[in-house]
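The first residue of the sequence shown is numbered 1, and numbering continues consecutively from there. Whatever order the structure lists them in is the order used to number ligands and atoms, beginning at 1. Worth saying up front: this structure is predicted, and the values here are computed from it rather than measured.
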Amino acid sequence: MYINHEEVYELLEEGKKATREEIINILEKARKKKGISHKDIAALLQLEDKELEKEMFKVAGEIKKSIYGKRVVLFAPLYISDYCVNNCVYCGYKKCNSFNRRKLTQDEIKEEVKILEKMGHKRLALELGEDPVNAPIDYVLESLDTIYKTQNENGNIRRVNVNIAATTVENYKKLKDANIGTYILFQETYHKPTYDVMHPNSLKSSYEYHLNAFDRAMEAGIEDVGGGVLFGLSDPKFEVLSLMMHNEHLEKQFGVGFHTISVPRLRQAEGVTLENFPNLLSDEMFKKVVAIIRIAVPFTGIIMSTREDEEMRRDALKIGVTQVSSGSSTGVGGYKQREEGKSIEQFKTSDERTPIEVLNWLLDEGYIPSYCTACYRKGRTGETFMGLAKTGEIQKMCEPNALMTLMEYALDYGDESTCKKAEKLVMEEAEKINNESIRKFINDGIIKLKEGQRDIYI
Ligand code: SF4
Ligand code: SF4
């Protein structure tokens, strides 16, 4: 197995011995943005020296800025079914929790999507529990079709990333044909003994079947896969090294590793007592995890959800996070219920601001909020995408696309002050771009958007 537990333990032991000079060398190497070795990652994970730690955050921030500039991609989750046959110890949807389970009808999905579109969202993460009878693959496919076909005046969902349980090559092929963006699946924990305890007697009990899901997805032709760990289940240092081993396995087998990595932290949920989890991460350790992932895989997006509060999201954006969700509801039918003043959630969220509040906050923090979904629609996925990312070519597309989507968002959903703020930023950023044809694309784009054209991208 490519997550060799003994090797991880040994690397972590070795890492404790790294000298100050060695750490400085590792950080120098990291600045070249070519990633670092497992041994180096282990040394950074074991770092205790506060001064060097500060330097590590600085390097992670520099890497992030040089690759992603000021852009932050926005998305929202859509929960469509809480039926689940599994009993994951850490989850509110587990089978042994008794509550009125439901799955959305296609009409209800339309209603949820229209609300999300009214909030300005263009990119969704589709979420549901595992239940082959109540929510089979055909239900997922039908729902995807409904989502892509549901439009409001100017609103449409342009990319749906899908987070469904590990499944067969045949089912992954169906997802691929349904035009999904990234296939997302969290290993939850790479530490097998912990995995076994957390997933008793259920479809999710096989560590290997879950671990090899991306191999099957890629075999089926899905090129963008997003990994992750539920931080708090096991030792975070073990998890980060294992994530990197998983990434390398995919690179070796399929030429491309994770498109994104998500960093959810365990939260309070129905029937989950946090005191029973001895590996919960402090904020400090969590930030270290984000920074080290950024250094280790510079070209992989890092996703942070509204599980984290404003302060953590601010810090994490500085050191590595590239995508955040906004205005999220984590309950089935939650967007409509929220409009009606009720709330149902799978787990507790911490950032409850609306998308427009998050967008204005990002603008005030100096970021360019982006609703861009261009790449997969242009066929820039998998190895092609990574090639463009690693040579820096992608930046020529990300920046103008981000500016176009920001302007579009401001015109459709912003008040006067947001519109002014956004347009000022778009003009200023366009001025800084050396390439004349890209500058022209942006300037012409602003005019076209004001004339009513939408969805302008390269
Ligand atoms: Fe079901 Fe997923 Fe929750 Fe496990 S984590 S109980 S599979 S919804
Ligand atoms: Fe993402 Fe591609 Fe858009 Fe850049 S151009 S923000 S990589 S979708």
V197: what forms a side chain to side chain contact (heavy atoms under 4.5 Å, CB included) with it, not counting sequence neighbours? none
Taken to the nearest 0.5 Å, the spacing of E112 CD from T146 OG1 works out to 13.0 Å
Output for pair (R454 CZ, K122 NZ), nearest 0.5 Å, gives 8.5 Å
Which pairs with one or both residues in residues 214-252 pass ring-ring contact (aromatic ring centres under 6.0 Å, His included), sequence neighbours excluded? Y2-H246, Y2-H249, H5-F238, Y9-F238, Y183-F214, Y190-H246, H191-F238, F214-H246, F214-F258, H246-F258
Show which atoms of ligand 2 fall inside a sub-4.0 Å distance from at least one heavy-atom site of N401. 5 (S)
Atoms of ligand 2, numbered as shown, that sit under 4.0 Å from any heavy atom of A374: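 Once the distances to A374 are compared, the set is 8 (S).
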Tell me whether the guanidinium CZ or amine NZ of [X] lies under 6.0 angstrom from the six-membered ring centre of [Y] and within 45° of its axis.
X    : Y    : result
R216 : Y209 : yes
R102 : Y83  : no
K118 : Y413 : no
R377 : Y457 : yes

Per-atom contacts, ligand 1 versus [X] - under 4.0 Å to a heavy atom:
X    : result
C91  : 3 (Fe), 5 (S), 6 (S), 8 (S)
G129 : 8 (S)
K94  : 6 (S)
Y93  : 3 (Fe), 8 (S)

Which residue and heavy atom of the protein sit nearest [atom], plus the separation:
atom                    : answer
atom 4 (Fe) of ligand 2 : C398 SG, 2.2 Å
atom 3 (Fe) of ligand 2 : C372 SG, 2.2 Å
atom 1 (Fe) of ligand 2 : R123 NH2, 4.3 Å
atom 8 (S) of ligand 2  : C375 N, 3.4 Å

At a non-hydrogen distance cut-off of under 4.0 Å, which region of H199 contacts ligand 1 (side chain, backbone, both, or neither)? neither
Any side-chain heavy-atom pair from Y207 and H199 closer than 4.5 angstrom? no
Y376 near ligand 2 by a heavy-atom separation under 4.0 Å: no
Compare N87, L230, N86 and give the one whose heavy atom is closest to atom 7 (S) of ligand 1.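 Comparing heavy atoms across N87, L230, N86, the nearest one to atom 7 (S) of ligand 1 lies in N86.
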Is atom 1 (Fe) of ligand 1 less than 2.8 Å from at least one N/O/S atom of C84? yes
For ligand 2, is any non-hydrogen atom under 4.0 Å from Y457's backbone (N, CA, C, O), its side chain (CB onward), both, or neither?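 No part of Y457 is near ligand 2 at this cut-off.
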In terms of heavy-atom contacts, does CG of N201 have more than 12 from other residues, nucleotides or ligands at under 6.0 Å? no
